[in-house]
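What's counted below: heavy atoms across the whole structure, side chains too, no hydrogens, waters or symmetry copies. Remember, it's 1-based here, ligands and their atoms both numbered in the order they're listed.
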Amino acid sequence: MYHHYATQLAAICIEVKPFPVFGPKLAVKNLALAESLNLAHLFDTDHTLLEALFSPTGELQIKSVAQKYGGHQFGQWNPHLGDGRGLLLGEVKNNQQQLIDLHLKGAGPTPYSRHADGRAVLRSTIREYLASEALHHLGIPSSRALALITSNEPIVREQREKGAMMIRTCPSHIRFGHFEYFYHANMTKELDALFEFCLEHHFTEASGHVNPHLALLTEIARSTAVLVAKWQAYGFNHGVMNTDNMSIHGITFDFGPYAFLDDFIPQYICNKSDHAGRYAFNQQPSIALWNLNALAHAFSNKLTMGEIKEALRLFEPTFIAAYRNEMLNRFGFEITSGELQSHNDSSLDALNALSTRFVKLLSDEFADYHQSFRLLSNSISNIQDGDYQSISQHFHEKASFERWAKDLSQHLRTHVIDSELMQQKMLTKNPKYVLRNHLMQQAIAKANNDDFSMVDALITVTKSPFDEHPELSHLARVPSEKDKGIAISCSS
Ligand code: AMP
Ligand code: MG
């Protein structure tokens with residue numbers, strides 16, 4: 001274990017030990033992730049991990065710290081944030097020799113708890129565990145989940161609930177709000193130390209640049225644009241894009257009332273408290289840019305206004321190119337991110353136009369976003385053969401879908417595209433299984449009665465969402481009307 005953050009940035013964090021819970025039990029473990037982090041020994045017995053966390057000599061609590069940060073919440077600056085219920089346990093190296101943070105969520109009170117209990121409910125830890133794994137296996141950058149620990153300790157939210165803890169991993173827990181806090185507090189020395197820390201450990205390429213701070217801001221803008229493009233392409237609504245929930249690594253971070261869309265409603269709001277729709281699905285790209293702008297203020301002693309604009313100006317073209325790229329991938333074309341801007345192929349432009357029309361048709365009739373893509377993937381050969389009904393029969397606007405399918409068929413013939421190969425590729429890009437909110441609610445209800453079977457089943461399908469898993473096909477069904485589009489409360 002390394003403790004680079006705790007030692008090099010001791011001035012901006014506080015040592016706090018995990019506060020044991022009553023009746024802890026290792027309920028879910030991610031062995032594959034543990035192996036990739038050389039931490040499989042933590043799962044030797046059901047007690048090994050708990051001892052490592054809670055015994056005074058445990059390897060995971062030698063130098064655990066709470067980090068200080070701030071954040072713009074729903075557009076308002078809040079300097080009073082920090083790890084109020086989470087602790088950075090330390091860093092380890094993964095198989096690729098990259099540093100990875102281990103963080104315990106629900107660890108108990110810290111000086112940043114602001115009179116709250118420092119705990120997390122079982123419901124929200126299950127949701128975070130599942131979503132981070134689901135996104136990762138869809139190819140969307142995310143923090144990961146190493147283990148979930150249940151407890152017998154009741155927690156009071158809107159009602160009494162079970163408490164739990166989870167260990168999450170990611171390159172670092174440094175948020176936009178870290179930089180914002182030390183900038184707005186005029187803590188220049190601390191802000192500089194944070195910049196140096198990031199350049200030394202996490203952005204080594206930028207550190208070798210003639211202007212490392214410009215390279216750093218540019219890289220954060222780039223990775224954030226690519227991340228949000230993936231959210232938009234895969235119908236993921238984060239729900240609380242406050243700047244304290246934005247990772248500098250361009251990964252999905254801090255899960256709250258998120259949702260994968262059911263019906264394709266671009267203005268969908270998954271967060272019950274977001275009355276104005278600030279974080280609605282279709283607002284995510286512009287909010288990401290707003291957040292980058294808030295972050296960029298912290299660079300203003302290091303960069304000229306021209307340089308800051310230069311970095312932020314990259315966001316929009318990068319987002320547009322990345323989104324187009326993702327959608328073309330969903331239509332069976334493999335384009336690596338390196339090729340993003342260089343593609344100037346008229347057949348891809350035509351396919352891109354077809355993809356845009358398809359998405360528009362889905363939004364016109366609020367069709368199920370994910371099932372429509374899976375259905376299309378399974379229908380390509382039929383469409384090639386002139387059978388347009390195989391797809392149109394699933395939609396209300398049959399004539400529109402048939403017109404569109406006919407144009408796709410024409411496209412396949414004109415560009416001599418092997419429909420079987422296209423179908424195969426599409427089936428590896430358009431998931432059969434999607435982590436929908438109503439499924440999680442059922443899994444959580446069972447887990448609250450100590451039955452983790454549905455959590456386990458959801459883990460199985462989210463680990464390989466493109467595979468058929470015939471025995472679990474009921475988890476791929478479209479929700480009933482009452483189960484669609486569930487908005488979630490922020491309490492966690
Ligand atoms: P979140 O909603 O989890 O992103 O948290 C927002 C802020 O509130 C962070 O600074 C958290 O550390 C803090 N926080 C949230 N829930 C709790 C809790 N139960 N106890 C202490 N701090 C909390
Ligand atoms: Mg947060």
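- Atom CG of Asp262 sits about 8.5 Å away from atom CG of Asp483, to the nearest 0.5 Å.
- Listed by number with element, the atoms of ligand 1 under 4.0 angstrom from any heavy atom of Gly82 are 9 (C), 10 (O), 11 (C), 12 (O).
- Cation-pi geometry between Arg330 and Tyr234 is satisfied (NZ or CZ under 6.0 Å from the ring centre, within 45° of the ring normal).
- Contact between Gly256 and ligand 1 is absent, with no heavy atom of the residue lying under 4.0 Å from the ligand.
- The two residues Arg436 and Gln371 make their nearest non-hydrogen contact at NH2-N, 4.2 Å.
- Counting the atoms of ligand 1 from 1 in the order shown, those under 4.0 Å from a heavy atom of Ala116 are 18 (C), 20 (N), 21 (C).
- Checked against His238 for a ring-ring contact (aromatic ring centres under 6.0 Å, His included), the options Trp231, Phe253, Tyr258 give a single hit: Trp231.
- Assignment of His80 to the shell around ligand 1 is not supported, since no heavy atom sits closer than 4.0 Å.
- Of the options Arg114, Arg119, Arg85, the smallest heavy-atom separation from atom 13 (C) of ligand 1 is shown by Arg114.
- Shown here for Tyr181 and Pro79, the closest heavy-atom pair between the two residues is CE1-O, 3.4 Å.
- At least one N/O/S atom of Asp254, from backbone or side chain, sits under 2.8 Å from the Mg ion (ligand 2).
- Heavy atoms of Lys68 come nearer than 4.0 angstrom to ligand 1 in no pair at all.
- In the vicinity of Asp254, heavy-atom distances shorter than 4.0 Å reach the ligand 1 atoms 4 (O).
- Taking the six-membered ring for Trp and thresholds of 30 and 60 degrees, Phe74 and Tyr279 have ring planes inclined between 30 and 60 degrees apart.
- In this structure, Tyr69 is part of the shell of residues with a heavy atom less than 4.0 angstrom from ligand 1.
- Checked against the 6.0 Å centroid criterion, the rings of His213 and Phe195 qualify as a close aromatic pair.
- Atom 4 (O) of ligand 1 is flagged as protein-proximal [any protein heavy atom, distance under 4.0 Å].
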